[in-house]
Amino acid sequence: MYCKNCGTFLNDGARFCPNCGTPVGSSVPTTPQQNYQPAPRQNNYQSASKQNQPAPGPGVYEVKKNGIGLAGFIFSIISLFANYALCIWGILGFIFSIAGMARRKKCNKWNGVTTAGFVINLLSLIGWVIVWIAASATLMALFGLA
């Protein structure tokens with residue numbers, strides 16, 4: 001069989017053309033067309049190795065990493081140790097974790113880390129607020145303002 005789009009020879013049982021990625025249908029001719037002229041290739045500024053790769057078939061997908069969610073998780077771990085001295089880590093982690101949560105449907109890697117970062121940051125910020133309330137109450141009582 002030959003590809004109906006580019007004329008490349010197809011192995012038996014092929015579901016996609018290894019040259020252009022066109023799905024193989026039942027209307028593929030078994031002999032090459034006699035007046036066949038391949039379609040001109042467009043230069044998309046890709047390397048030669050990427051241009052000759054077949055299109056992904058069923059079950060093959062591109063890995064998209066949730067880097068923003070990973071950053072939120074890293075900030076959450078830092079905030080566990082530095083939260084009360086420098087609360088900015090918890091705030092940054094919370095912002096990055098929320099942004100990572102918004103990207104969960106677009107990404108298929110590190111989504112669990114994003115959720116963990118969100119939960120850790122939420123708990124860390126709640127702890128931070130409790131400590132600052134307790135510290136403010138102590139200072140107010142110490143100076144007789146309460």
Side-chain angles (χ1 to χ4, degrees), residues 1-29 36-146:
M1 291 191 309
Y2 293 89
C3 176
K4 64 182 175 184
N5 186 42
C6 68
T8 302
F9 178 76
L10 303 172
N11 294 329
D12 290 337
R15 295 164 76 182
F16 294 92
C17 174
N19 186 42
C20 67
T22 302
V24 175
S26 59
S27 63
V28 177
Y36 172 77
Q37 292 186 0
R41 286 193 159 208
Q42 296 177 349
N43 187 358
N44 292 332
Y45 302 104
Q46 295 177 348
S47 66
S49 63
K50 283 190 175 185
Q51 286 180 352
N52 294 330
Q53 289 180 351
V60 178
Y61 59 91
E62 182 181 349
V63 175
K64 294 182 181 177
K65 298 176 182 175
N66 195 343
I68 293 174
L70 179 64
F73 178 75
I74 291 169
F75 283 134
S76 71
I77 297 300
I78 293 171
S79 74
L80 287 176
F81 300 106
N83 191 26
Y84 307 113
L86 299 168
C87 62
I88 190 70
W89 296 108
I91 295 168
L92 282 174
F94 198 65
I95 292 169
F96 274 86
S97 293
I98 289 173
M101 295 292 279
R103 291 177 44 103
R104 286 181 62 140
K105 290 188 179 181
K106 295 179 184 176
C107 301
N108 52 15
K109 190 159 183 158
W110 295 337
N111 284 333
V113 172
T114 302
T115 304
F118 179 77
V119 170
I120 292 169
N121 274 307
L122 186 62
L123 295 174
S124 179
L125 286 176
I126 290 171
W128 175 79
V129 168
I130 291 170
V131 165
W132 280 105
I133 290 172
S136 297
T138 303
L139 288 173
M140 290 174 73
L142 186 66
F143 291 112
L145 299 173

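Residue numbers run from 1 in the order of the sequence given. Atom set for the values below is all heavy atoms of this structure, side chains included, hydrogens, waters and symmetry mates excluded.
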Show the nearest heavy-atom pair for residues T114 and G69, with the distance to one decimal.
OG1-CA, 3.2 Å
Any donor-acceptor N/O pair, S76 side chain to F73 backbone, under 3.5 Å
yes
If I take atom CD1 from residue I120 and atom CG from residue L125, how far apart are they, to the nearest 0.5 angstrom?
12.0 Å
Minimum heavy-atom separation for N111 to R104, with atom names?
ND2-O, 3.3 Å
Between T8 and C20, is there a side-chain heavy-atom distance shorter than 4.5 Å?
no
Counterpart residues, side-chain contact (heavy atoms from CB on, under 4.5 Å), relative to I68 (two or more places apart)
N66, F96, A99, R103
Nearest heavy-atom pair of P18 and L10: which atoms, and what distance?
CD-CD2, 3.5 Å
Which atoms form the tightest heavy-atom contact between K4 and P23, and what is the distance?
CE-O, 4.4 Å
Taking the side chain as every heavy atom from C-beta outward, state whether F94 and F118 have any atom pair closer than 4.5 Å.
yes
State which residues pass side-chain contact (heavy atoms from CB on, under 4.5 Å) with I95; sequence neighbours excluded, sorted by chain then number.
I91
To check you understand the geometry: which heavy-atom pair defines the closest contact between C3 and T22, and what is its length?
SG-CB, 4.2 Å
What's the separation between atom CG in L122 and atom CD1 in I98, rounded to the nearest 0.5 Å?
9.0 Å
Any residue meeting side-chain contact (heavy atoms from CB on, under 4.5 Å) with L70, in chain and number order, not counting sequence neighbours
I74, W110, V113
